[in-house]
Amino acid sequence: MKTYIGKDIQHIVDYCKTNMQEDIALNLKVAEDVLRHTFLFESKWELERTYEPVTFEDGHIVWDHIPAGDPEWVYAMNRHHCFITLAQAYALTQDEKYTAQFIHLLTHWIEYSPLTEASKQTTWRTIETGLRCENWVKAYEIFSMSPLWNENLEKCLRESLDQQAQHILAHSDDFRHLSNWGVIENHGLFVAGVFLGNATYISAAKERLESAINLQVLADGVHREQSQLYHNEVLRAFIDVGICAKNNNIVFSENFHKRVMKMVEAHIYMTKPNHYQLSNGDSDDMDLRDILVRAAYLYKDMAFKALGYSQVDFESIWDIGMEGVAVYDALKGEYPAERSKALSASGNYCMRESWDEDSLYVHFKCGNLGGGHGHVDLLHVDISYLGEDVITDQGRYTYTNTKERFQLKNAKAHNTVVIDDTEFTQITDTWGYSKVAPHVQRDFVTHAEYDYVEGAHLGYMDLDSSVFVNRKVIVIKPNIVVLVDEFITKGTHKYQQYFHFGEGSLEIGEQVIFKGEKVQATFHQLQPNLREKLEMQTSKTYNHIQKQEVLRTTTKQEGSTMITTVIVLEDKAGISAHKVESVPIYTEGQRLQGDEHVEAFKITYGNTAYTLVVKHDEAYRHLMVVEGRDVYGRVALIKEQDGQQKIHTMIW
């Protein structure tokens, strides 16, 4: 039985010492904290990070301790990721103090954390049990080579793992079938089954995981809960199962592996050019290229290699060993042919100019809410450029029933529109909703020079005077984004747009200008409105919150109306003159005067002019003449460069 790396520890250590000194320093720092019984959950794959260390001064650890009223702390504590940290520190130093601490923590937990009805809600939650099984087995692979390890400890560990596997085996219900819990738990059951040589555990875990991947993973590869963090945690579990199965000649179905690869593909498109996952839903701002490293090793896929790390990273090598290094180094990297992609089953539309790290990237959300980890983010847009966030999701911060939780989940924390100060989806508590707005998916077009997507929702159809909300997103490559928000109604309403910016400063003048470290984004709005700079909360990781600048625009109108926003993205080191202006439209020889059915505007940037013609009323079916060209369709682009003019009808 070889669950992961087997006995080839010294070559792994040599590789780490040659290539990963910063990772080693962090590992040893965390391991030293654990020796002092100080716990700070700061590793990459901690689901809920902490920033305030907790020390048990008397050496007697209280495993069900809940500091600051957040039970997520006790859950993190009982996943025992620190066991892997100690094991790696032991491998790197051969210092038996790490083994002694592992033995102490292991035996102390077994003695003081029995399985009871009460502990099923704290130290023995099934999801923690699943993660704990994985962490124990991976730590054991290293510590079993220590002279301090003996038969009695082996017996103790195996008996506890068997009890934990039985606990997972006893829980299978509708919630787990549809939740990340079921995957994470049965990942642990599978690993424990392989370690213990128990065919019953292996068979049950296989059956449940095969079923879960069909139920939980949508046709586009996105996990149904609409949270990138949990998509990637589930994906990590599936890949880990695949590695363990490969090492032990256990066969999963072809469908299972195809769906895992589909999840990796979705991860690629839902990842920004700087390699950080989107913060949509309950997610943190994290670089997760290690997932691509392990996926490339498992499936030998060139796209996974191209977008992963240049070499096997510290997280991955302890799972795939030197065999994995050889496979990864030999694999050629090749970027996917498709740069922009509609993940339409989940309603995530991902548009990019290239695969370069400084490329323009736009993400648009028009899909199902998902589970409790989903946020009120219909028609939300993320934009990044030059490796920086321009507008972004505000994150999650906490799972406790607090004002911060509600604020960060609500629509006002997203780059979308709110009408009459009313949320289009209503939150009841940290996980629940009383009303969920239906989404309306429309068109997606990708082209070498532009991308286009359109979506709507019905969240305001229950107002006294209902409003149909529609957003058009037009990406003009390489550096212009246009948002067209349309409101179809007979009543009078107040409309507010929210734009949440990344790290930088916001200036409101004739135009709105955001300045990051390298990027400058200029926001031109064609219709008059009130523009306000607000301070709201943003959270890059769990338990971390800070203030960030927000633009809110407000307009009040009677009847159908629209708000058009042109965003020009540039490198601060080379700003070019540009302007945005309305241009006339002619039909049947007459110039349209103030017609709300259609608009045309020109964006002049350097030696290039882009004229967009946007129809707001789909019943308007006249031929239009703009800039001397015949135009017909819902959205058309006239590009003029070096005296040459070309027209693109984006959508009819």
Side-chain angles (χ1 to χ4, degrees), residues 217-223 228 231-232 235 238-239 242 254-255 257-278 287-311 327-367 382-387 441 443-454 473-481 569 637 639 646 648-651:
V217 180
L218 305 179
D220 58 14
V222 175
H223 189 264
Q228 272 303 93
H231 171 98
N232 286 315
L235 175 56
F238 283 138
I239 291 173
E254 182 180 356
N255 171 73
H257 290 293
K258 282 184 176 179
R259 284 183 171 264
V260 174
M261 291 183 74
K262 198 72 175 175
M263 289 188 77
V264 182
E265 181 183 284
H267 163 79
I268 284 172
Y269 285 99
M270 294 277 283
T271 298
K272 296 176 287 190
N274 67 354
H275 307 293
Y276 277 65
Q277 69 178 0
L278 292 166
D287 182 338
L288 295 182
R289 275 177 283 181
D290 56 300
I291 277 187
L292 297 180
V293 171
R294 278 166 274 184
Y297 160 69
L298 187 60
Y299 294 114
K300 299 181 174 60
D301 188 284
M302 293 188 293
F304 303 169
K305 169 66 181 287
L307 293 163
Y309 289 114
S310 59
Q311 63 183 22
V327 170
Y328 196 74
D329 287 350
L331 188 61
K332 178 184 176 183
E334 186 175 301
Y335 292 125
E338 291 180 281
R339 297 173 183 174
S340 300
K341 196 172 188 67
L343 302 172
S344 53
S346 62
N348 289 283
Y349 300 86
C350 307
M351 297 159 279
R352 70 180 74 222
E353 194 266 330
S354 75
W355 290 105
D356 295 338
E357 292 182 345
D358 62 354
S359 169
L360 170 64
Y361 176 82
V362 180
H363 165 256
F364 175 63
K365 169 69 183 298
C366 185
D382 299 280
I383 300 175
S384 63
Y385 188 62
L386 302 181
Q441 291 180 336
D443 300 287
F444 173 79
V445 177
T446 184
H447 185 276
E449 296 189 49
Y450 60 83
D451 289 329
Y452 174 86
V453 66
E454 184 174 355
V473 181
I474 304 162
V475 179
I476 303 174
K477 302 172 185 178
N479 66 325
I480 297 171
V481 181
L569 302 145
L637 171 66
K639 180 179 179 181
K646 186 176 182 180
H648 303 274
T649 301
M650 291 186 180
I651 194 74

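The figures that follow rest on heavy atoms only: side chains count, while hydrogens, waters and symmetry mates do not.
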Kindly give the heavy-atom pair with the smallest separation between [X] and [Y], and that separation in Å.
X	Y	value
Gln228	Leu278	CB-O, 3.4 Å
Arg352	Thr271	NH2-O, 3.0 Å
Pro336	Ala303	CG-CB, 3.9 Å
His447	Glu449	ND1-N, 2.9 Å
Thr446	Lys477	OG1-NZ, 4.2 Å
Pro273	Ser359	CG-O, 3.6 Å

Side chain to side chain contact (heavy atoms under 4.5 Å, CB included) assessment of Tyr450 paired with Ile474:
CA-CA 7 Å; Tyr450 60 83; Ile474 304 162; 5.5 Å; no

Could you pull out all residues at least two apart from Leu298 that satisfy side-chain contact (heavy atoms from CB on, under 4.5 Å)?
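Once residues adjacent in sequence are excluded, the partners of Leu298 under the side-chain contact (heavy atoms from CB on, under 4.5 Å) criterion are Ile239, Ile243, Lys246.
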
Could you tell me whether the side chain of [X] and the main chain of [Y] form a donor-acceptor pair under 3.5 Å?
X	Y	answer
Lys305	Tyr328	yes
His231	Met263	yes
Asp220	Ala345	yes
Gln441	Cys366	yes
Asp382	Ser384	no
Tyr269	Glu338	yes

Could you go through Leu331 and Asp301, starting from their C-alpha distance and side-chain angles, then the distance that decides it, and tell me whether this counts as side chain to side chain contact (heavy atoms under 4.5 Å, CB included)?
CA-CA 8 Å; Leu331 188 61; Asp301 188 284; 5.8 Å; no

Could you please spell out the steps behind the side chain to side chain contact (heavy atoms under 4.5 Å, CB included) verdict for Trp355 and Ile268?
CA-CA 10 Å; Trp355 290 105; Ile268 284 172; 3.6 Å; yes

Going by the rule side-chain hydrogen bond (donor to acceptor under 3.5 Å, both in side chains), which residues pair with Tyr452 if we only count those two or more places apart in sequence or in a different chain?
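Partners of Tyr452 by the side-chain hydrogen bond (donor to acceptor under 3.5 Å, both in side chains) criterion, ordered by chain and then number, come out as Glu454.
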
Non-neighbouring partners of Lys646 that pass side-chain hydrogen bond (donor to acceptor under 3.5 Å, both in side chains), sequence neighbours left out
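If we apply the side-chain hydrogen bond (donor to acceptor under 3.5 Å, both in side chains) test to Lys646, skipping adjacent residues, there are no hits.
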
Name the orientation class of the two ring planes belonging to Tyr349 and Phe364 (parallel below 30°, tilted from 30 to 60°, perpendicular beyond 60°).
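Tyr349 and Phe364: tilted rings.
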
4.5 Å side-chain heavy-atom contact, Ile291 and Asn232
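Yes; the side chains approach each other to less than 4.5 Å.
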
Flag if over 12 foreign heavy atoms under 6.0 Å of CZ, Arg339:
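No - once you tally the heavy atoms of other residues, nucleotides and ligands closer than 6.0 Å, there are 12 at most.
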
Of Asp358, Asp356, Leu569, which meets side chain to side chain contact (heavy atoms under 4.5 Å, CB included) against Leu386?
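Only match with Leu386 under side chain to side chain contact (heavy atoms under 4.5 Å, CB included): Asp358.
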
If we ignore angles and hydrogens, is there a donor and acceptor under 3.5 Å between the side chains of His275 and Glu357?
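Yes.
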
Can you check side chain to side chain contact (heavy atoms under 4.5 Å, CB included) on Ser340 and Phe444, steps first, answer last?
CA-CA 10 Å; Ser340 300; Phe444 173 79; 4.3 Å; yes

